[in-house]
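To keep things clear, I will list the structure first and then write my remarks on it.
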Amino acid sequence: VNEYASKYIGTSTAGANVLIIKDGEIFLNTSYGFADVENQVKVTTDTVFEWGSVTKLLVWTSVMQLVEQGKLKLDEDIRTYLPEGFLTKIRHDAPITMLNLMHHNAGWEEKFTDLFYMSANEIKPLEEMLHITEPFQVHEPGSVVAYSNYGVALAGFIVEQLTEQPFYDYVNEHIFSVLGMKDTTIHPTQEDNDNVKIKRDDIYGYIVSSDDEFTISKNERIFIGLYPAGSAIGTIEDAAKFMLALMPADGENSPLFHNNRTLDEMLTTSDV
(Lines give C-alpha, C1' and ligand atoms only; values in the text may rest on other atoms or scores of the structure.)
Protein backbone atom coordinates (compact mmCIF):
# COMPACT_ATOMS: atom_id res chain seq x y z
CA VAL A 1 0.00 0.00 0.00
CA ASN A 2 2.83 2.39 0.85
CA GLU A 3 4.48 1.70 -2.49
CA TYR A 4 1.24 2.27 -4.37
CA ALA A 5 0.39 5.46 -2.46
CA SER A 6 3.86 6.91 -3.04
CA LYS A 7 3.09 7.10 -6.77
CA TYR A 8 0.25 9.56 -6.19
CA ILE A 9 0.66 11.40 -2.89
CA GLY A 10 2.32 14.73 -3.56
CA THR A 11 1.96 14.34 -7.33
CA SER A 12 -1.68 13.80 -8.32
CA THR A 13 -3.33 14.10 -4.91
CA ALA A 14 -2.53 16.09 -1.78
CA GLY A 15 -3.53 13.50 0.79
CA ALA A 16 -5.55 10.38 1.46
CA ASN A 17 -6.61 7.75 3.96
CA VAL A 18 -6.41 4.07 3.11
CA LEU A 19 -8.35 1.50 5.12
CA ILE A 20 -8.62 -2.20 4.32
CA ILE A 21 -11.13 -4.62 5.85
CA LYS A 22 -10.51 -8.37 5.97
CA ASP A 23 -12.68 -11.06 7.54
CA GLY A 24 -14.92 -8.59 9.30
CA GLU A 25 -12.11 -6.57 10.89
CA ILE A 26 -9.99 -3.54 10.05
CA PHE A 27 -6.78 -4.96 8.60
CA LEU A 28 -5.03 -1.67 7.76
CA ASN A 29 -5.72 2.00 8.49
CA THR A 30 -3.10 4.52 7.42
CA SER A 31 -2.84 8.12 6.25
CA TYR A 32 -0.78 9.99 3.66
CA GLY A 33 -0.05 13.58 2.69
CA PHE A 34 -1.75 16.79 3.72
CA ALA A 35 -5.28 18.03 4.33
CA ASP A 36 -3.94 21.60 4.26
CA VAL A 37 -0.85 21.91 2.09
CA GLU A 38 -0.14 25.58 2.84
CA ASN A 39 -0.07 25.05 6.60
CA GLN A 40 1.36 21.53 6.38
CA VAL A 41 -1.58 19.99 8.26
CA LYS A 42 -1.26 16.25 7.75
CA VAL A 43 -4.08 13.86 6.96
CA THR A 44 -4.84 11.67 9.98
CA THR A 45 -7.42 9.01 10.73
CA ASP A 46 -9.51 11.84 12.24
CA THR A 47 -9.57 13.83 8.99
CA VAL A 48 -12.98 13.94 7.35
CA PHE A 49 -13.53 13.22 3.68
CA GLU A 50 -16.58 13.60 1.44
CA TRP A 51 -18.17 10.32 0.44
CA GLY A 52 -19.50 11.56 -2.89
CA SER A 53 -21.85 9.07 -4.50
CA VAL A 54 -21.02 6.37 -1.95
CA THR A 55 -23.65 8.35 -0.01
CA LYS A 56 -26.25 6.60 -2.18
CA LEU A 57 -25.69 3.39 -0.21
CA LEU A 58 -27.25 5.15 2.79
CA VAL A 59 -30.39 5.69 0.70
CA TRP A 60 -30.68 2.08 -0.40
CA THR A 61 -29.96 0.82 3.11
CA SER A 62 -32.78 3.03 4.41
CA VAL A 63 -35.10 1.81 1.65
CA MET A 64 -34.38 -1.84 2.44
CA GLN A 65 -34.96 -1.26 6.14
CA LEU A 66 -38.45 -0.03 5.28
CA VAL A 67 -38.97 -2.95 2.89
CA GLU A 68 -38.05 -5.32 5.71
CA GLN A 69 -40.60 -3.62 7.96
CA GLY A 70 -43.32 -3.98 5.33
CA LYS A 71 -43.72 -0.24 4.88
CA LEU A 72 -42.49 -0.14 1.27
CA LYS A 73 -42.71 -2.46 -1.73
CA LEU A 74 -39.95 -2.44 -4.34
CA ASP A 75 -42.37 -3.15 -7.20
CA GLU A 76 -45.04 -0.60 -6.18
CA ASP A 77 -45.52 2.57 -8.23
CA ILE A 78 -43.61 5.22 -6.28
CA ARG A 79 -46.46 7.70 -6.80
CA THR A 80 -48.27 5.66 -4.14
CA TYR A 81 -45.79 7.10 -1.64
CA LEU A 82 -45.59 10.66 -2.99
CA PRO A 83 -47.94 13.64 -2.57
CA GLU A 84 -50.53 13.73 -5.34
CA GLY A 85 -49.22 15.37 -8.51
CA PHE A 86 -45.67 15.53 -7.13
CA LEU A 87 -44.01 14.52 -10.43
CA THR A 88 -44.93 16.97 -13.18
CA LYS A 89 -42.69 15.96 -16.11
CA ILE A 90 -43.71 12.33 -16.60
CA ARG A 91 -44.26 11.41 -20.26
CA HIS A 92 -45.07 7.69 -20.03
CA ASP A 93 -47.99 5.87 -18.42
CA ALA A 94 -45.89 2.94 -17.17
CA PRO A 95 -45.38 2.93 -13.39
CA ILE A 96 -42.06 3.96 -11.85
CA THR A 97 -41.06 1.56 -9.08
CA MET A 98 -38.44 1.76 -6.36
CA LEU A 99 -36.55 -0.90 -8.33
CA ASN A 100 -36.47 1.53 -11.26
CA LEU A 101 -34.89 4.12 -8.99
CA MET A 102 -32.38 1.56 -7.71
CA HIS A 103 -31.57 0.44 -11.26
CA HIS A 104 -31.29 4.04 -12.55
CA ASN A 105 -33.80 3.25 -15.28
CA ALA A 106 -36.81 5.35 -14.32
CA GLY A 107 -36.47 7.11 -17.69
CA TRP A 108 -35.19 10.52 -16.58
CA GLU A 109 -32.57 12.52 -18.36
CA GLU A 110 -29.53 13.23 -16.20
CA LYS A 111 -28.70 16.87 -15.57
CA PHE A 112 -26.09 18.73 -13.56
CA THR A 113 -27.78 22.11 -13.40
CA ASP A 114 -29.10 22.89 -9.93
CA LEU A 115 -27.03 20.03 -8.47
CA PHE A 116 -24.11 21.95 -6.92
CA TYR A 117 -24.32 25.16 -4.92
CA MET A 118 -21.53 27.43 -3.67
CA SER A 119 -23.27 28.57 -0.50
CA ALA A 120 -25.04 26.70 2.29
CA ASN A 121 -27.65 29.46 2.29
CA GLU A 122 -28.84 28.34 -1.16
CA ILE A 123 -29.83 24.86 0.04
CA LYS A 124 -33.56 24.36 0.54
CA PRO A 125 -35.55 21.45 2.04
CA LEU A 126 -35.37 18.25 0.01
CA GLU A 127 -38.98 18.43 -1.20
CA GLU A 128 -38.38 21.91 -2.60
CA MET A 129 -35.06 20.92 -4.19
CA LEU A 130 -36.79 18.01 -5.93
CA HIS A 131 -39.34 20.38 -7.46
CA ILE A 132 -36.60 22.77 -8.59
CA THR A 133 -34.47 20.06 -10.18
CA GLU A 134 -37.09 17.68 -11.61
CA PRO A 135 -35.84 16.41 -15.00
CA PHE A 136 -38.00 15.37 -17.93
CA GLN A 137 -38.79 11.72 -18.33
CA VAL A 138 -37.39 10.89 -21.77
CA HIS A 139 -37.63 7.08 -21.80
CA GLU A 140 -40.19 4.54 -20.69
CA PRO A 141 -39.30 3.12 -17.23
CA GLY A 142 -37.13 0.03 -17.46
CA SER A 143 -35.96 0.65 -21.02
CA VAL A 144 -32.73 2.66 -20.61
CA VAL A 145 -30.19 2.80 -17.78
CA ALA A 146 -29.12 6.41 -17.13
CA TYR A 147 -27.37 7.41 -13.91
CA SER A 148 -29.76 9.59 -11.94
CA ASN A 149 -28.92 11.66 -8.87
CA TYR A 150 -32.52 12.84 -8.96
CA GLY A 151 -33.88 9.31 -8.71
CA VAL A 152 -31.75 8.57 -5.65
CA ALA A 153 -32.76 11.81 -3.93
CA LEU A 154 -36.40 11.02 -4.73
CA ALA A 155 -35.98 7.66 -2.99
CA GLY A 156 -34.63 9.56 0.02
CA PHE A 157 -37.73 11.76 -0.03
CA ILE A 158 -39.94 8.67 -0.10
CA VAL A 159 -38.16 7.56 3.08
CA GLU A 160 -39.07 10.97 4.51
CA GLN A 161 -42.71 10.50 3.55
CA LEU A 162 -42.98 7.05 5.10
CA THR A 163 -41.14 7.91 8.32
CA GLU A 164 -42.36 11.50 8.73
CA GLN A 165 -38.87 12.80 9.47
CA PRO A 166 -36.11 14.48 7.43
CA PHE A 167 -33.92 11.97 5.65
CA TYR A 168 -30.80 13.06 7.53
CA ASP A 169 -32.62 12.50 10.84
CA TYR A 170 -33.65 9.02 9.71
CA VAL A 171 -30.06 8.14 8.80
CA ASN A 172 -28.75 9.52 12.09
CA GLU A 173 -31.23 7.43 14.05
CA HIS A 174 -31.28 4.19 12.08
CA ILE A 175 -27.75 3.94 10.63
CA PHE A 176 -25.22 6.28 12.24
CA SER A 177 -26.41 5.83 15.84
CA VAL A 178 -26.82 2.07 15.41
CA LEU A 179 -23.23 1.76 14.17
CA GLY A 180 -21.68 4.35 16.50
CA MET A 181 -20.77 6.65 13.59
CA LYS A 182 -20.36 9.84 15.61
CA ASP A 183 -18.00 11.52 13.13
CA THR A 184 -20.16 11.38 10.00
CA THR A 185 -23.04 13.52 8.74
CA ILE A 186 -25.28 13.44 5.69
CA HIS A 187 -26.95 16.78 6.46
CA PRO A 188 -26.61 18.99 3.34
CA THR A 189 -24.85 21.75 5.33
CA GLN A 190 -23.59 19.65 8.28
CA GLU A 191 -25.78 21.55 10.74
CA ASP A 192 -26.51 18.39 12.73
CA ASN A 193 -22.87 17.64 13.59
CA ASP A 194 -20.73 20.62 14.61
CA ASN A 195 -17.64 18.45 15.03
CA VAL A 196 -17.71 17.31 11.39
CA LYS A 197 -18.63 20.79 10.20
CA ILE A 198 -15.55 22.27 11.91
CA LYS A 199 -13.30 19.52 10.60
CA ARG A 200 -14.57 20.05 7.04
CA ASP A 201 -13.70 23.75 7.31
CA ASP A 202 -10.12 22.79 8.18
CA ILE A 203 -9.42 20.83 4.99
CA TYR A 204 -9.18 21.93 1.35
CA GLY A 205 -9.73 20.66 -2.13
CA TYR A 206 -6.81 21.09 -4.51
CA ILE A 207 -5.96 21.08 -8.18
CA VAL A 208 -2.48 20.09 -9.31
CA SER A 209 -0.46 21.73 -12.06
CA SER A 210 1.70 19.98 -14.63
CA ASP A 211 4.77 20.59 -12.43
CA ASP A 212 3.10 18.94 -9.41
CA GLU A 213 2.25 22.17 -7.58
CA PHE A 214 -0.99 22.19 -5.57
CA THR A 215 -3.31 25.17 -5.44
CA ILE A 216 -6.65 25.41 -3.66
CA SER A 217 -9.48 24.83 -6.11
CA LYS A 218 -11.83 27.78 -6.51
CA ASN A 219 -14.65 25.24 -6.17
CA GLU A 220 -13.08 23.33 -3.31
CA ARG A 221 -16.29 23.56 -1.30
CA ILE A 222 -19.70 22.84 -2.78
CA PHE A 223 -23.11 21.99 -1.36
CA ILE A 224 -25.51 19.48 -2.89
CA GLY A 225 -29.19 20.32 -2.99
CA LEU A 226 -30.15 16.71 -3.74
CA TYR A 227 -28.13 15.76 -0.71
CA PRO A 228 -29.15 12.06 -0.32
CA ALA A 229 -27.27 11.47 -3.58
CA GLY A 230 -23.88 12.70 -2.39
CA SER A 231 -23.50 14.78 0.79
CA ALA A 232 -22.10 12.40 3.42
CA ILE A 233 -18.88 13.57 5.10
CA GLY A 234 -16.96 11.72 7.79
CA THR A 235 -13.86 9.90 9.00
CA ILE A 236 -12.43 6.77 7.44
CA GLU A 237 -13.10 4.75 10.60
CA ASP A 238 -16.78 5.68 10.50
CA ALA A 239 -16.92 4.69 6.85
CA ALA A 240 -15.40 1.35 7.85
CA LYS A 241 -18.19 0.78 10.37
CA PHE A 242 -20.72 1.16 7.58
CA MET A 243 -18.69 -1.08 5.27
CA LEU A 244 -18.51 -3.78 7.95
CA ALA A 245 -22.28 -3.63 8.45
CA LEU A 246 -22.76 -4.28 4.72
CA MET A 247 -20.17 -7.08 4.72
CA PRO A 248 -20.73 -8.96 7.99
CA ALA A 249 -18.37 -11.82 8.78
CA ASP A 250 -19.64 -15.36 8.23
CA GLY A 251 -22.21 -16.25 10.85
CA GLU A 252 -22.70 -12.62 11.92
CA ASN A 253 -25.89 -10.62 11.36
CA SER A 254 -25.73 -7.06 10.05
CA PRO A 255 -26.82 -4.65 12.80
CA LEU A 256 -28.71 -2.65 10.17
CA PHE A 257 -31.26 -5.38 9.42
CA HIS A 258 -33.31 -7.88 11.37
CA ASN A 259 -32.27 -10.60 8.94
CA ASN A 260 -29.33 -10.88 6.56
CA ARG A 261 -31.74 -11.99 3.83
CA THR A 262 -32.69 -8.33 3.48
CA LEU A 263 -29.04 -7.36 3.04
CA ASP A 264 -28.54 -10.17 0.53
CA GLU A 265 -31.55 -8.95 -1.45
CA MET A 266 -30.16 -5.42 -1.45
CA LEU A 267 -26.78 -6.61 -2.78
CA THR A 268 -28.06 -9.11 -5.34
CA THR A 269 -28.21 -8.14 -9.01
CA SER A 270 -31.84 -7.65 -9.95
CA ASP A 271 -31.66 -5.89 -13.31
CA VAL A 272 -30.26 -8.13 -16.01
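- Two residues are said to be in side-chain contact when any heavy atoms from C-beta on lie closer than 4.5 Å; Ile90 and Ile96 meet this criterion.
- Pairs of residues two or more places apart, or lying in two chains, that qualify as salt bridge (charged side-chain N to carboxylate O under 4.0 Å, His left out) and include a residue from residues 241-267 are Asp238-Lys241.
- Screening residues 215-233 for salt bridge (charged side-chain N to carboxylate O under 4.0 Å, His left out), with sequence neighbours left out, gives Arg200-Glu220, Asp201-Arg221.
- Note that the CD atom of Glu127 and the CG atom of Leu82 stand 9.5 Å from one another [nearest 0.5 Å].
- Between the side chain of Thr184 and the backbone N or O of Met181 there is no donor-acceptor pair closer than 3.5 Å.
- Side-chain atoms of Asn17 and Ser31 include a donor-acceptor pair closer than 3.5 Å.
- Other residues, nucleotides and ligands contribute over 12 non-hydrogen atoms within 6.0 Å of the CD atom of Gln40.
- Under the 4.5 Å side-chain heavy-atom criterion for grouping Ile, Leu, Val, Met, Phe, Trp and Tyr, Ile203 is not connected to Tyr32 through any hydrophobic cluster.
- What you find for Thr47 and Ala35 is that their closest heavy atoms are CG2-CB, 4.2 Å.
- Within the 4.5 Å cutoff, no side-chain heavy atoms of Asp183 are placed close to those of Glu237.
- By the salt bridge (Lys or Arg N to Asp or Glu O under 4.0 Å) test, Lys197 is found to be paired with Glu191, residues two or more places apart in sequence or in another chain being considered.
- Applying the salt bridge (charged side-chain N to carboxylate O under 4.0 Å, His left out) test to pairs two or more places apart or on separate chains, those with a residue in residues 70-86 are Asp77-Arg79.
- Residues Val159 and Leu246 are members of one and the same hydrophobic cluster, defined by side-chain heavy-atom contacts under 4.5 angstrom among Ile, Leu, Val, Met, Phe, Trp and Tyr.
- How far CE of Met247 is from OG of Ser254: 11.0 Å, rounded to the nearest 0.5 Å.
- Judged as a ring-ring contact (aromatic ring centres under 6.0 Å, His included), the pairs with a partner in residues 8-27 (not counting sequence neighbours) are, in order, Tyr4-Tyr8.
- A 4.5 Å side-chain heavy-atom check between Ile175 and Ser62 finds at least one atom pair inside the cut-off.
- In this structure, OG1 in Thr30 is found 6.0 Å from CG in Asn2, a value given to the nearest 0.5 Å.
- Looking only at distances, no side-chain donor or acceptor of Gln190 sits under 3.5 Å from a matching main-chain atom of Val196.
- Between Glu110 and Asn149, the closest heavy-atom pair is OE2-ND2, 3.1 Å.
- The shortest side-chain heavy-atom distance between Asn172 and Ile186 does not fall under the 4.5 Å cut-off.
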Stepwise side-chain contact (heavy atoms from CB on, under 4.5 Å) check, Leu263 with Leu256
CA-CA 9 Å; Leu263 175 61; Leu256 295 177; over 6 Å; no

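- By the 4.5 Å heavy-atom criterion applied to side chains, Thr61 and Met266 are counted as neighbours.
- Under a hydrophobic-cluster definition in which Ile, Leu, Val, Met, Phe, Trp and Tyr are linked whenever side-chain heavy atoms come within less than 4.5 Å, directly or via other members, Ile132 and Val152 are assigned to the same cluster.
- Qualifying side chain to side chain contact (heavy atoms under 4.5 Å, CB included) partners for Asn253, counting only residues two or more places apart in sequence or in other chains: Asn260.
- Looking only at distances, a side-chain donor or acceptor of Glu122 sits under 3.5 Å from a matching main-chain atom of Ser119.
- For the atom pair OH (Tyr150) and CE (Met129), the distance works out to 11.0 Å, reported to the nearest 0.5 Å.
- Between Gln137 and Lys89, the closest side-chain pair of non-hydrogen atoms is not below 4.5 Å.
- Applying the salt bridge (Lys or Arg N to Asp or Glu O under 4.0 Å) criterion to Glu38, with sequence neighbours excluded, gives no partner residue.
- Between the side chain of Glu134 and the backbone N or O of Thr88 there is at least one donor-acceptor pair closer than 3.5 Å.
- In the model, Thr262 has no side-chain atom that pairs as donor or acceptor with a side-chain atom of Asn259 under 3.5 Å.
- Hydrophobic cluster membership is shared by Leu66 and Leu126, with clusters built from Ile, Leu, Val, Met, Phe, Trp and Tyr side chains linked at under 4.5 angstrom.
- Nearest heavy-atom pair, Trp108 versus Ala146, reported as atom, atom and distance to 0.1 Å: O-CB, 4.0 Å.
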Determine whether Leu226 and Leu115 satisfy the following criterion, side-chain contact (heavy atoms from CB on, under 4.5 Å), listing intermediate values before the conclusion.
CA-CA 7 Å; Leu226 298 176; Leu115 180 61; 4.2 Å; yes

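- Residues Glu173 and Gln165 are in side-chain contact: their nearest non-hydrogen atoms beyond the backbone lie under 4.5 Å apart.
- The list of salt bridge (charged side-chain N to carboxylate O under 4.0 Å, His left out) pairs with a residue in residues 5-24, not counting sequence neighbours, is empty.
- Residue Ile198 is found outside any hydrophobic cluster, as its side-chain heavy atoms come under 4.5 Å of no other Ile, Leu, Val, Met, Phe, Trp or Tyr.
- Inter-residue side-chain proximity for Met118 and Ile222 is flagged as met; some heavy-atom pair is nearer than 4.5 Å.
- Residue pairs meeting the ring-ring contact (aromatic ring centres under 6.0 Å, His included) criterion with at least one member in residues 170-212, sequence neighbours excluded: Tyr168-His187, Tyr170-His174.
- Pairs passing the ring-ring contact (aromatic ring centres under 6.0 Å, His included) check and including a residue from residues 47-90, sequence neighbours excluded, read Trp51-Phe242, Phe86-His131, Phe86-Phe157.
- For the pair Asn100 and Pro95, the tightest heavy-atom approach, listed with the atom from each and the gap, is OD1-O, 3.7 Å.
- Under the salt bridge (Lys or Arg N to Asp or Glu O under 4.0 Å) criterion, Asp202 pairs with no residue at all, not counting sequence neighbours.
- Note that the CD1 atom of Ile233 and the OG1 atom of Thr185 stand 7.0 Å from one another [nearest 0.5 Å].
- In the hydrophobic clustering of ILVMFWY residues, with side-chain heavy atoms under 4.5 Å counting as a link, Leu101 and Leu267 come out together.
- One distance of note links CD of Gln161 with CD1 of Ile78; it measures 11.5 Å at 0.5 Å rounding.
- Among all heavy-atom pairs drawn from Val43 and Gly15, the shortest one is CG2-CA, 3.9 Å.
- The nearest pair of heavy atoms linking Lys56 to Ala229 is NZ-O, 2.8 Å.
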Could you walk me through whether Thr55 and Ile224 satisfy the side-chain contact (heavy atoms from CB on, under 4.5 Å) test, starting with their C-alpha distance in whole Å, then the side-chain angles of each, then the deciding distance to 0.1 Å, before giving a yes or no?
CA-CA 12 Å; Thr55 303; Ile224 300 175; over 6 Å; no

